[in-house]
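We're numbering straight along the sequence, starting at 1. Please read all numbers here as calculations on a predicted model, not as lab measurements.
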Amino acid sequence: MEQMTGLLFLSFSSLILLSFSGSVDAYKNYTVGDSLGWYDTTVKSNVNYQKWADGKNFSLGDFLIFNTDSNHSVVQTYNFTTYKLCDYDNSVDNDTVEWSSANPSNTLTQGVTVAVPLLKEGPTYFFSGDYDGEQCDNGQHFKITVSHGKGLPDSLKDPSDQAPAPNAADYDSTPDTTVPFDLNNPHDQDTDVKKDSGSISLYGKFLDMKLHGILLLLGIVHMC
């Protein structure tokens, strides 16, 4: 009885671990700052985005959800210098993206939700880059490290990365160079007929030689 109880407990524990590992591997959406949203300390004095980020595991295919307003921007960069300067004016296109821009001259603000996919492994930096970096200097910034996880889903992959190579052979499809059968000029049929007739001719010659041999043998016996 004790052995059966131990086996049931082990099986139950294994099921729990499997279900837990499956949930860990799934793609996740992270709401930046949770209920506080994405603002600088002049608006939300108790925000600490680095503390929020440090307690989480980010992977390729996950999304960061920024709940903010039109007076705060969302900038993502892979360039540490750009991040430290809180300034993306001199950044290049392949290392920095402004997902949402602010309009400092607009006194009327509107709520904005910005979803940012994590597309690259390694260090990734986020900040608000408007007002000459004042919002960034006032706490609106954080850095994370993105792991491979399950890898990017197809929906987030660059279409050029998924396209087959120009010379890649497609063995599952019929080649375009297949020559259709021509009913008016059945060359294939002629070839088959010639082969069959050739075989019949050779077989006839073999029988003729065998018959001559038998007659010759009978003639020798008759002379004896």
Side-chain angles (χ1 to χ4, degrees), residues 21 23-107 109-162:
S21 62
S23 63
V24 169
D25 291 337
Y27 298 113
K28 296 180 180 179
N29 294 335
Y30 293 95
T31 301
V32 177
D34 296 326
S35 60
L36 294 176
W38 177 239
Y39 297 97
D40 62 277
T41 54
T42 63
V43 180
K44 299 285 181 73
S45 60
N46 56 339
V47 292
N48 187 331
Y49 296 108
Q50 195 57 60
K51 182 178 180 180
W52 169 85
D54 288 343
K56 296 169 178 60
N57 296 316
F58 302 97
S59 302
L60 290 176
D62 291 344
F63 275 81
L64 298 189
I65 311 299
F66 293 81
N67 291 321
T68 185
D69 60 31
S70 54
N71 200 33
H72 295 78
S73 65
V74 179
V75 179
Q76 178 188 23
T77 185
Y78 304 108
N79 189 316
F80 181 72
T81 300
T82 298
Y83 172 68
K84 291 299 291 182
L85 292 175
C86 293
D87 183 6
Y88 58 93
D89 289 340
N90 296 322
S91 63
V92 294
D93 292 339
N94 63 349
D95 69 15
T96 303
V97 178
E98 185 180 34
W99 291 95
S100 177
S101 60
N103 184 2
S105 63
N106 187 4
T107 56
T109 60
Q110 296 178 341
V112 176
T113 296
V114 183
V116 179
L118 301 180
L119 305 175
K120 185 177 179 180
E121 289 182 63
T124 304
Y125 310 96
F126 293 90
F127 65 95
S128 179
D130 291 299
Y131 295 97
D132 295 325
E134 288 183 8
Q135 292 177 340
C136 176
D137 290 333
N138 287 323
Q140 202 169 1
H141 61 85
F142 65 97
K143 60 182 178 179
I144 64 174
T145 299
V146 180
S147 64
H148 182 79
K150 294 175 62 178
L152 283 178
D154 290 340
S155 59
L156 292 179
K157 291 180 180 178
D158 190 330
S160 62
D161 294 337
Q162 301 182 64

So if I apply the side chain to side chain donor-acceptor pair (under 3.5 Å) rule between His141 and each of Tyr83, Tyr49, Tyr125, which one comes out positive? Tyr83
Check the pair Thr124 / Tyr78 against side-chain contact (heavy atoms from CB on, under 4.5 Å), numbers first and verdict last. CA-CA 5 Å; Thr124 304; Tyr78 304 108; 3.6 Å; yes
Close side-chain approach of Asp69 and Val43, heavy atoms under 4.5 Å: no
Does NZ in Lys143 sit with more than 12 non-hydrogen atoms of other residues, nucleotides or ligands closer than 6.0 Å? no
Over all heavy atoms of both residues, which pair between Gly129 and Val75 is shortest? Give the atoms and the distance, please. N-CG2, 4.0 Å
Using 0.5 Å steps for rounding, measure from the CD atom of Gln110 to the OG1 atom of Thr68. 12.5 Å
Heavy-atom closest contact (Asn79 atom, Thr77 atom, distance): N-OG1, 3.0 Å
Can you name the nearest heavy-atom pair linking Val114 to Ser100, along with the distance? CG2-CB, 3.6 Å
Lys51 atom NZ: more than 12 heavy-atom contacts under 6.0 Å: no
Atom pair OG1/CG of Thr113 and Asn67 - distance to nearest 0.5 Å: 4.0 Å
Is it true that Asp154 and Lys157 make a salt bridge, defined as a side-chain N closer than 4.0 Å to a carboxylate O? yes
Counting only heavy atoms not in Asp132 (residues, nucleotides, ligands), do more than 12 fall under 6.0 Å from its CG? no
With distance as the sole test, does Glu121 use its side chain to make a donor-acceptor pair with the main-chain N or O of Leu60 at under 3.5 Å? no
Between the CG atom in Asp62 and the CG atom in Leu152, the distance rounded to the nearest 0.5 Å is 10.0 Å
CG (Asp130) and CG (Asp40) are apart, to the nearest 0.5 Å, by 11.0 Å
Nearest heavy-atom pair of Lys44 and Leu36: which atoms, and what distance? NZ-O, 2.9 Å
Would you please test Phe142 and Val47 for side-chain contact (heavy atoms from CB on, under 4.5 Å) and show each step? CA-CA 11 Å; Phe142 65 97; Val47 292; over 6 Å; no
Consider only side-chain N and O atoms of Ser59 and Ser147, and report whether a donor and an acceptor are under 3.5 Å apart. yes
Aromatic ring pairing Phe66/Phe126, orientation class (parallel under 30°, perpendicular over 60°, tilted between): tilted
Do you know which two heavy atoms are closest between Val32 and Leu64, and how far apart they sit? CG2-CB, 4.0 Å
Between Ile144 and Leu118, is a side-chain contact (heavy atoms from CB on, under 4.5 Å) present by the stated rule, with each step listed? CA-CA 10 Å; Ile144 64 174; Leu118 301 180; 4.1 Å; yes
As an exercise, state the distance from OG1 of Thr96 to CG of Asp89, rounded to the nearest 0.5 Å. 10.5 Å
Ring-plane angle category for Tyr88 and Phe127, please: parallel below 30°, perpendicular beyond 60°, tilted otherwise. tilted
Step-by-step side-chain contact (heavy atoms from CB on, under 4.5 Å) determination, Phe58 to Thr145: CA-CA 7 Å; Phe58 302 97; Thr145 299; over 6 Å; no
Taking C-beta and beyond as the side chain, do Leu156 and Phe63 meet within less than 4.5 Å on heavy atoms? yes
Full working for side chain to side chain donor-acceptor pair (under 3.5 Å) between Ser128 and Ser73: CA-CA 5 Å; Ser128 179; Ser73 65; 3.2 Å; yes
Does Pro153 reach the side chain of Tyr27, with side-chain heavy atoms less than 4.5 Å apart? yes
Other residues, nucleotides and ligands only: do more than 12 of their heavy atoms fall within 6.0 Å of CG on Asp54? yes
His72 to Ala102 - nearest heavy-atom pair and separation: N-CB, 3.7 Å
Under a 3.5 Å threshold, yes or no: a donor from one side chain and an acceptor from the other, between Thr109 and Ser70? no
